[in-house]
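See below for the structure under consideration.
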Amino acid sequence: MTIIKLNTASFKEIIENNYVYADKTRLIHELLRPESEDAIFLSRPRRFGKSLLLNTIERLFKGPTDPQGCPKGLFESLWIGRNENDSYFTDIFHPVIHLSMSLPSSSPEFLLKSLTLILKRIGVSHDLDISETPPAVMLVDIVEALNRKYNKAVVLLIDEYEAPVTSNFNDKALAKANLGLLKDFYSPLKILQSQQLLRFVFLTGITRYALLWDSSELNHLKDITMSENYSTIYGFTHDEFDSCFSEYLSKTLKTFKRKGVLGASADTSDLRKAIFDRYDGYSWDGINRVLNPYSLLNSFKDGKLGNYWISLEPSAKFLYPLMSKNPLAFTSEKLRNLSETKINMIELGDSLSPISALFHTGYLTVDKITFVNGNEIYNFKAPNEEVGAEFREVFTNSANDYFGIDMSARNNAFIKAITAEDADKVTDMMSSLIQKLPAKLHNPNEKHYHSMFYSYFESMRNITVSPEPVGTKGIPDILLILENKFYIIIEIKYKDDKIAIENINETDYYVEEKIVKKAIKNPELEAEKLAIMAMKAIRSVHYADPYKAEAKRILKMGIGVFGKEKVKVLLENEDQSKLIIKTKLLEGEVILLNKYVETFSIKEANILKEKASKLKNTISFLNAEAEMLKRKDFGEQNNDVDKLAKEIENLKMDIENLKKLS
């Protein structure tokens, strides 16, 4: 049985001690082929195995004669050992410079001293006499000296290449100063590459910073971060999980049951699913997904589904400062339909793309990639339960501060009101949300209020929020899913009070509701009109149809927002919609029958006149009945509608008899 070992980046130690290891040597072989790119960048979040990958590559290039190299025997059980002969491990030899940029960087001066010291140590390890000069010059001197000594081009491996910037992310001045120092340090790489002094350059890190990549320092590197070919080079794939941990499942299942993590009747498939829900889901191509290696190893080691990766760096240090500026930027709608330029790299300061920052640091992952007009469009989401729970917690806290409302405290109140279909209570809650928002945060456009309501719902627990879910019958603004498959379909209509109200009244949305079509700037009335527009849209486009098969209960919510002055919410369940439609059809039949009967009134036959008169009276009665239906509670309508339908059927029979008599 393999052994779970934490916090080691030594390939040799892992293989010799039979530690758990996912064989990535086939992908490493692809990277190192002569025809492959010779200058590469690959980013991943922290603790995903970047250092181990570089250590493996280092040992391959150093060859079997170097004490730090690897003879073929260490690889014989792996893909590369089974598919390459002995000469491969000898001929691949090149001198290696392996730098880790996780250096003390509390000031540019400290970073400069740290970098100088580590370069001097590299020189000493190769018996080179390297003068203490600026780090960029020292790097060039070392590369040239190694090339002369071994008559071979040098392999340069740089781990956490931007660590002095990322570790000081919240100190913008320090981060920018360190970024400038790194810019100078990396400036010789392109020249050394063009002079063929470098055989292979591989940089790893968390993200790309525009200041480095938009200029000439690193723009010659091939970024394979989003490449499908290398999407599984870090982390455990599903097959690798089954291969590496099959022996652990039965053992861990007993521990999980004993600790109450899983029920008494759970089996290994239940455990596997629980682990996948907790730690799986990371993707960089929208197709292949891997489990977080750090969390997975810790979970098996401890026998619990803990929050391991998310606890490495407190969210208060990175996630909360980013979200608290504007939680509306992190609603589900903002994580969709982003172009590659929006997520490829990040900048420091006010131009920082928060979605890009959270993606590269591991708080978000690629859900899917689509192509529109030949361009890649990305959708993002939290990768799994471990990250998702923290993401929602921080989102809720930042939304609390942003809106000045305790969102989490409103969760139960909202669910209670919506379950009871209490439109007045829900209206009060929506109105309170907008009215408490500082005036400077109001933005007079419909999308702003969409985002605000998204954030409001997403900050609530026990509610799944899906923005603009695509259905065969149309796209509602928001879909909420509560427990027990209770679906809430939401449509939002907005008009600012600066927009002429006559534009609203040009529609026929209000005829059936008997709202007078007159331009009165009354916020309460106009908000109600907008809510009716929203509800009519839900009904007329049949937004509910795609969900009828899976939902046990469907509620429609029309929200009308008249500027920041008034909000109105209308609620209607699916049964109510059916009654409304059926009532309208019956009313239409009454009108048609009325007109038809009038044609008989010109007949001279007394019997026909008498019959027609009776029919007119009956139709007048039915018309009044149809009107009464609107004023009754929906719960009383079923019998009334059925009765009305039956009366109309009798009328039709009378009409047929009249035809025969005439």
Side-chain angles (χ1 to χ4, degrees), residues 9-11 31-32 37-42 50-51 53-70 91-105 108-165 178-205 212 215-221:
S10 169
F11 171 76
L31 279 176
L32 303 186
E37 300 289 341
D38 55 9
I40 292 172
F41 171 73
L42 178 57
K50 298 186 293 293
S51 299
L53 181 70
L54 290 188
N55 181 262
T56 307
I57 293 173
E58 177 183 8
R59 289 189 172 278
L60 277 169
F61 272 119
K62 284 186 173 181
T65 59
D66 191 302
Q68 297 300 315
C70 274
D91 297 341
I92 197 175
F93 166 75
H94 285 270
V96 178
I97 298 174
H98 186 174
L99 283 170
S100 173
M101 299 301 289
S102 294
L103 303 170
S105 56
E109 295 75 21
F110 207 175
L111 174 59
L112 184 63
K113 291 179 180 179
S114 301
L115 191 52
T116 301
L117 179 61
I118 196 171
L119 289 170
K120 287 182 66 176
R121 288 177 178 174
I122 289 173
V124 170
S125 69
H126 288 279
D127 296 324
L128 304 177
D129 185 13
I130 302 297
S131 301
E132 185 173 324
T133 53
V137 177
M138 292 182 71
L139 179 62
V140 172
D141 289 344
I142 292 173
V143 169
E144 290 177 343
L146 288 175
N147 188 268
R148 290 192 300 269
K149 180 175 181 177
Y150 297 103
N151 196 28
K152 286 270 193 175
V154 175
V155 169
L156 178 61
L157 307 175
I158 302 180
D159 194 9
E160 305 291 355
Y161 86 107
E162 87 295 33
V165 180
N178 287 346
L179 191 61
L181 194 152
L182 293 181
K183 189 173 184 289
D184 292 338
F185 178 65
Y186 295 131
S187 60
L189 295 188
K190 184 183 289 188
I191 297 175
L192 292 172
Q193 197 94 37
S194 65
Q195 294 174 341
Q196 297 185 334
L197 295 176
L198 294 174
R199 154 67 179 88
F200 182 68
V201 176
F202 190 7
L203 272 65
T204 74
L212 290 173
S215 54
S216 61
E217 279 70 29
L218 296 177
N219 62 9
H220 67 295
L221 297 180

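Numbers for residues simply follow the sequence, beginning at 1.
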Compare all side-chain heavy atoms of Leu115 with those of Met101 and state whether any distance is below 4.5 angstrom.
yes
Testing the basics here: between Ala39 and Leu221, what is the closest heavy-atom pair and its distance to 0.1 Å?
CB-CD2, 3.5 Å
Measuring from Arg199:CZ to Ile92:CD1, what's the distance to the nearest 0.5 Å?
7.0 Å
Heavy atoms, side chains only, cut-off 4.5 Å: are Asp141 and Ser131 in contact?
no
Check whether any side-chain N or O of Gln193 sits under 3.5 Å from a backbone N or O of Asp38 as a donor-acceptor pair, and report yes or no.
yes
If we ignore hydrogens and angles and just use 3.5 Å, is the side chain of Asn55 paired with the main-chain N or O of Phe11 as donor and acceptor?
yes
Interatomic distance, CD1@Ile191 vs CG@Leu198, rounded to 0.5 Å, equals 11.5 Å
Distance col, row Arg121:CZ vs Leu99:CG, nearest 0.5 angstrom, shows 12.5 Å
Gap between atom CD of Glu132 and atom NZ of Lys113 - 0.5 Å precision
10.0 Å
Quick one: closest heavy-atom pair of Ser100 and Ile118, and the distance?
O-CD1, 4.0 Å
Please check this pair: side chain of His94 against backbone of Ala153, looking for a donor-acceptor N/O pair closer than 3.5 Å.
yes
Provide the closest heavy-atom pair for Pro188 versus Asp184 in the form atom of the first, atom of the second, distance.
CD-O, 3.9 Å
So Ser102 and Asp159, do their side chains get closer than 4.5 Å, heavy atoms only?
no
Angle between ring planes, Tyr186 versus Tyr161, binned at 30° and 60°: parallel, tilted or perpendicular?
tilted
Kindly check if the number of other-residue, nucleotide or ligand heavy atoms within 6.0 Å of CG (Asp91) is above 12?
yes
Indicate yes or no: at least one non-hydrogen side-chain atom of Lys190 is less than 4.5 angstrom from one of Asn219.
yes
Does the side chain of Leu32 reach to within under 4.5 Å of the side chain of Leu60, using non-hydrogen atoms?
yes
Check whether any side-chain heavy atom of Pro164 sits under 4.5 Å from a side-chain heavy atom of Leu182, and report yes or no.
yes
Under the 3.5 angstrom rule, does the side chain of Lys149 hit a backbone N or O of Pro95 as a donor-acceptor pair?
no
Candidate pair Phe185 and Leu119, rule side chain to side chain contact (heavy atoms under 4.5 Å, CB included), full reasoning
CA-CA 12 Å; Phe185 178 65; Leu119 289 170; 3.9 Å; yes
For the CD1 atom of Ile142 and the NZ atom of Lys120, what is their distance to the nearest 0.5 Å?
11.0 Å
Does Lys152 NZ have over 12 foreign heavy atoms under 6.0 Å away?
yes
Could you walk me through whether Ile130 and Ile122 satisfy the side chain to side chain contact (heavy atoms under 4.5 Å, CB included) test, starting with their C-alpha distance in whole Å, then the side-chain angles of each, then the deciding distance to 0.1 Å, before giving a yes or no?
CA-CA 9 Å; Ile130 302 297; Ile122 289 173; over 6 Å; no
Less than 4.5 Å apart, any side-chain heavy atom of Leu53 and any of Phe202?
yes
For Val154 and Leu197, what are the C-alpha separation, side-chain angles and deciding distance, and is it a side chain to side chain contact (heavy atoms under 4.5 Å, CB included)?
CA-CA 6 Å; Val154 175; Leu197 295 176; over 6 Å; no
Where is the tightest heavy-atom contact between Leu157 and Val96, given as atom of each residue plus distance?
CD1-CG1, 4.0 Å
Tyr150 OH: over 12 foreign heavy atoms closer than 6.0 Å
yes
Are any non-hydrogen side-chain atoms of Ile40 and Phe200 less than 4.5 angstrom apart?
yes
Point-to-point distance, once rounded to the nearest 0.5 Å, from CD1 of Ile158 to CG of Leu189
5.5 Å
